[in-house]
*Asks:* 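I have a structure I would like to understand better, so I am pasting it below and will then ask my questions one at a time.
Protein chains get the first letters and strands the later ones, always in sequence-line order, with residue 1 at the start of each.
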There are 2 protein chains.
Amino acid sequence: MLVHIDQKSQTPIYEQIIKQIKELKVKGILQVNEKLPSVRELSSILLVNPNTVSKAYQELERQEVIVTLRGKGTFISDQPVSNLDSKKMEELKKTIKQVLIEAKYYGVSKEQLTEWLDELDKELGGGTDVKSSKLK
Amino acid sequence: MLVHIDQKSQTPIYEQIIKQIKELKVKGILQVNEKLPSVRELSSILLVNPNTVSKAYQELERQEVIVTLRGKGTFISDQPVSNLDSKKMEELKKTIKQVLIEAKYYGVSKEQLTEWLDELDKELGGGTDVKSSKLK
DNA sequence: TTAAGTGTACCATTTGATATAGTACATTTA
DNA sequence: TAAATGTACTATATCAAATGGTACACTTAA
């Protein structure tokens with residue numbers, strides 16, 4: 001299975017699922033309109049409670065990453081990403097700020113962080129650019 | 001007071017304290033060997049429990065950001081930052097990866113993130129470069 | 001129509017982190 | 001000695017997270 005749960009992690013299981021589904025979509029491993037495992041199926045694979053998977057799916061739908069159809073299943077959304085949300089922008093910037101502060105404590109320069117960004121962008125970019133692919 | 005607590009935040013109070021002390025040090029607002037408010041003093045200022053402040057101070061000392069001396073008080077550490085910790089490096093990289101994935105969902109480009117890094121670096125850089133200042 | 005699979009909605013319980021409250025102790029300073 | 005300091009300890013309350021179980025509405029396929 002593509003999703004992997006770390007039970008020892010301090011990150012909640014449902015958040016781990018959310019992050020990994022997003023990553024798989026950005027990478028293009030999960031294609032638009034592709035069907036995801038059912039709540040029960042994924043829960044039995046990951047050995048977690050169905051409610052936990054359901055919680056992850058509900059949050060993913062709220063973020064318009066996936067679409068759920070009663071009785072049919074859950075699918076990768078083909079809808080455009082919601083408009084630029086200033087709140088989200090601020091969150092991103094705050095997170096980056098914290099990363100930068102942390103980095104300074106370990107002698108990691110801004111330039112190093114920028115290099116990592118380049119690396120990771122290539123690593124992820126092999127898939128689909130979620131935003132622009134919706135606008136064509 | 002320089003530290004400000006947001007009771008509504010989902011971030012634990014002790015973590016808010018940790019982050020802000022670090023930021024103040026990176027900015028140079030808190031200088032090396034400078035005395036911090038006592039546990040009881042800061043707790044009464046912030047209207048939080050002394051144990052909560054103590055927890056923050058203990059974690060900050062574990063990270064070698066501050067030094068505590070029994071009966072004397074707590075001070076900004078003048079010790080060199082601990083050697084580059086590969087675990088910490090991985091954590092930073094993971095966080096950046098998540099930020100990048102999030103950014104892609106909101107049409108924020110890698111270049112935009114890089115710009116923010118530059119901005120924030122200047123904003124913080126007015127203070128002292130923690131790492132290099134120890135090596136002179 | 002029936003049966004299976006789907007997401008969803010409940011409820012109850014457990015666990016762990018967080019925060020508070022209170023007390024006490026060892027150390028340092030004035 | 002007295003005050004201030006960090007620390008340790010116990011107890012309690014709250015909340016998020018996760019689990020377990022049951023049930024319902026809808027869709028699909030036999």
Side-chain angles (χ1 to χ4, degrees), chain A residues 1 3-21 30 33-79 91 98, chain B residues 1 3-21 30 33-79 91 98:
Chain A
M1 181 50 192
V3 177
H4 168 261
I5 298 303
D6 180 5
Q7 291 283 355
K8 309 170 198 167
S9 171
Q10 71 294 354
T11 304
I13 293 175
Y14 80 96
E15 276 192 26
Q16 293 186 43
I17 296 174
I18 291 172
K19 288 183 177 179
Q20 292 187 49
I21 297 290
L30 287 179
N33 290 328
E34 186 170 343
K35 190 177 185 301
L36 290 175
S38 72
V39 168
R40 291 171 180 80
E41 189 180 352
L42 186 54
S43 70
S44 67
I45 292 175
L46 301 181
L47 300 179
V48 299
N49 195 279
N51 289 337
T52 302
V53 176
S54 179
K55 184 174 183 180
Y57 276 12
Q58 288 180 45
E59 175 60 19
L60 281 169
E61 182 173 34
R62 196 195 64 79
Q63 295 183 23
E64 300 181 3
V65 175
I66 64 178
V67 171
T68 64
L69 300 179
R70 273 198 165 188
K72 299 182 69 175
T74 62
F75 306 85
I76 296 295
S77 169
D78 63 347
Q79 293 301 311
E91 282 182 21
Q98 282 305 320
Chain B
M1 181 51 192
V3 176
H4 170 261
I5 298 302
D6 179 5
Q7 290 284 356
K8 309 171 196 164
S9 171
Q10 72 293 352
T11 304
I13 295 174
Y14 79 96
E15 274 192 27
Q16 294 184 42
I17 297 174
I18 291 173
K19 288 183 177 179
Q20 293 186 49
I21 297 290
L30 288 180
N33 291 328
E34 185 170 345
K35 190 175 184 306
L36 290 174
S38 71
V39 169
R40 290 172 180 80
E41 190 181 351
L42 185 55
S43 71
S44 68
I45 292 174
L46 302 180
L47 300 178
V48 299
N49 193 278
N51 290 336
T52 303
V53 177
S54 179
K55 184 174 181 179
Y57 277 12
Q58 287 180 43
E59 176 60 19
L60 282 169
E61 183 173 34
R62 197 195 64 77
Q63 295 181 24
E64 300 181 3
V65 175
I66 64 178
V67 171
T68 65
L69 300 178
R70 271 199 165 187
K72 298 183 70 175
T74 62
F75 305 85
I76 297 294
S77 170
D78 63 348
Q79 293 300 312
E91 282 181 21
Q98 283 304 321

*Asks:* In whole Å, what is the span from the CD atom of Glu59(A) to the P atom of dG7(C)?
*Replies:*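 So the two atoms are 17 Å apart, to the nearest Å.
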*Asks:* For Gln16(A), which contact category applies under a 4.0 Å heavy-atom criterion: base, sugar-phosphate, or nothing?
*Replies:*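 Nothing, no nucleic acid heavy atom in range.
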*Asks:* Starting at atom CD of Gln7(A), determine the distance to atom C1' of dG16(C), rounded to an integer number of angstrom.
*Replies:*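 Rounded to whole Å, this separation is 14 Å.
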*Asks:* Find the distance Ile5(B):CD1 to dT20(C):C1' and express it as a whole number of Å.
*Replies:*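 It works out to 15 Å between those atoms.
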*Asks:* Return the residues of residues 51-58 of chain B meeting this criterion: a heavy atom under 4.0 Å from some atom of DNA chain C. Order them by number, or give none.
*Replies:*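 By residue number: Asn51(B), Thr52(B), Lys55(B).
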*Asks:* Please identify each residue that fulfils side-chain contact (heavy atoms from CB on, under 4.5 Å) with Lys35(A), with sequence neighbours left out.
*Replies:*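 Expected list: Phe75(A).
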*Asks:* Please table the atom pairs, donor to acceptor, closer than 3.5 Å between any side-chain atom in residues 7-14 of chain B and protein atoms at least two apart or in another chain.
*Replies:*
unit_1, atom_1, unit_2, atom_2, d
Ser9(B), OG, Thr11(B), N, 2.9
Ser9(B), OG, Thr11(B), OG1, 3.4

*Asks:* I'd like to check the salt bridge (Lys or Arg N to Asp or Glu O under 4.0 Å) partners of Glu34(B); sequence neighbours left out, ordered by chain and number.
*Replies:*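 Once residues adjacent in sequence are excluded, Glu34(B) has no partner under the salt bridge (Lys or Arg N to Asp or Glu O under 4.0 Å) criterion.
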*Asks:* Could you pull out the closest heavy-atom pair between Thr74(B) and Pro37(B), with the gap in Å?
*Replies:*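 Nearest heavy atoms, Thr74(B) then Pro37(B): OG1-O, 3.9 Å.
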*Asks:* Search all heavy atoms of His4(B) against all heavy atoms of Gln16(B) and return the closest pair with its distance.
*Replies:*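 Shortest heavy-atom contact: O-OE1, 4.0 Å.
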*Asks:* What is the distance, rounded to the nearest whole Å, between atom CG of Leu36(A) and atom C1' of dT6(C)?
*Replies:*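 From Leu36(A) CG to dT6(C) C1': 13 Å.
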*Asks:* With sequence neighbours left out, write down each residue that passes side chain to side chain donor-acceptor pair (under 3.5 Å) with Thr52(A), or none if nothing qualifies.
*Replies:*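 Expected list: none.
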*Asks:* State the CD1-CG distance between Ile76(A) and Leu30(A), to the nearest 0.5 angstrom.
*Replies:*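 Result: 4.5 Å between the selected atoms.
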*Asks:* Please enumerate all residues that pass side chain to side chain donor-acceptor pair (under 3.5 Å) together with Gln58(A), with sequence neighbours excluded.
*Replies:*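 Only Ser54(A) meet the side chain to side chain donor-acceptor pair (under 3.5 Å) criterion with Gln58(A).
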*Asks:* Can you give me the closest heavy-atom contact between Ala56(A) and Ile18(A), atom names plus distance?
*Replies:*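 In terms of heavy atoms, the two residues are closest at O-CG1, 3.8 Å.
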*Asks:* At the 4.0 Å heavy-atom cut-off to chain B, mark where contacts on DNA chain D begin and end, going 5' to 3'.
*Replies:*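 For DNA chain D, the relevant span reads dT5(D) to dC9(D).
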*Asks:* Rounding to an integer number of Å, can you tell me how far Ile18(B) CD1 sits from dA19(C) P?
*Replies:*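 Atom CD1 in Ile18(B) sits about 10 Å away from atom P in dA19(C).
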*Asks:* Tell me, which pairs form a salt bridge (charged side-chain N to carboxylate O under 4.0 Å, His left out) where one or both residues lie in residues 48-60 of chain A, sequence neighbours left out?
*Replies:*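 For residues 48-60 of chain A: Glu59(A)-Arg62(A).
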*Asks:* Expressed in angstrom and rounded to an integer, what is the separation of Glu41(A) atom CD from dA4(C) atom C1'?
*Replies:*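 So the CD-C1' distance, Glu41(A) to dA4(C), works out to 14 Å.
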*Asks:* In whole angstrom, give the distance that lies between atom CG of Leu46(B) and atom P of dA19(C).
*Replies:*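 Rounding to the nearest Å, CG of Leu46(B) and P of dA19(C) are 12 Å apart.
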*Asks:* Contacts to DNA chain C from residues 8-15 of chain B, heavy-atom cutoff under 4.0 Å, which residues?
*Replies:*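 Only Pro12(B), Ile13(B), Tyr14(B) qualify.
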*Asks:* Do Val65(B) and Ser77(B) have side chains that approach each other closer than 4.5 Å (heavy atoms only, starting at C-beta)?
*Replies:*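 When only atoms from C-beta onward are counted, Ser77(B) and Val65(B) do not touch, as no gap falls below 4.5 Å.
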*Asks:* With sequence neighbours left out, write down each residue that passes side chain to side chain donor-acceptor pair (under 3.5 Å) with Glu61(A), or none if nothing qualifies.
*Replies:*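 In terms of side chain to side chain donor-acceptor pair (under 3.5 Å), with neighbours along the sequence ignored, Glu61(A) is linked to Thr68(A).
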*Asks:* Considering only nitrogen or oxygen atoms on both sides, find all protein atoms under 3.5 Å from nucleotides 24-30 of chain C and state each distance.
*Replies:*
unit_1, atom_1, unit_2, atom_2, d
dT28(C), O4', Arg70(B), O, 3.4

*Asks:* Between Leu36(A) and Ile66(A), what is the shortest heavy-atom contact and its length?
*Replies:*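 Nearest heavy atoms, Leu36(A) then Ile66(A): CD1-CG2, 3.7 Å.
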*Asks:* Quick one: Leu47(B) CG to dA21(C) C1', roughly how many Å, whole number?
*Replies:*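 Going from Leu47(B) (CG) to dA21(C) (C1'), I get 15 Å.
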*Asks:* Suppose we screen for side-chain contact (heavy atoms from CB on, under 4.5 Å). Which residues come up paired with Glu91(A), at least two apart in sequence or across chains?
*Replies:*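 For Glu91(A) the side-chain contact (heavy atoms from CB on, under 4.5 Å) partners, ignoring immediate neighbours, are Lys88(A).
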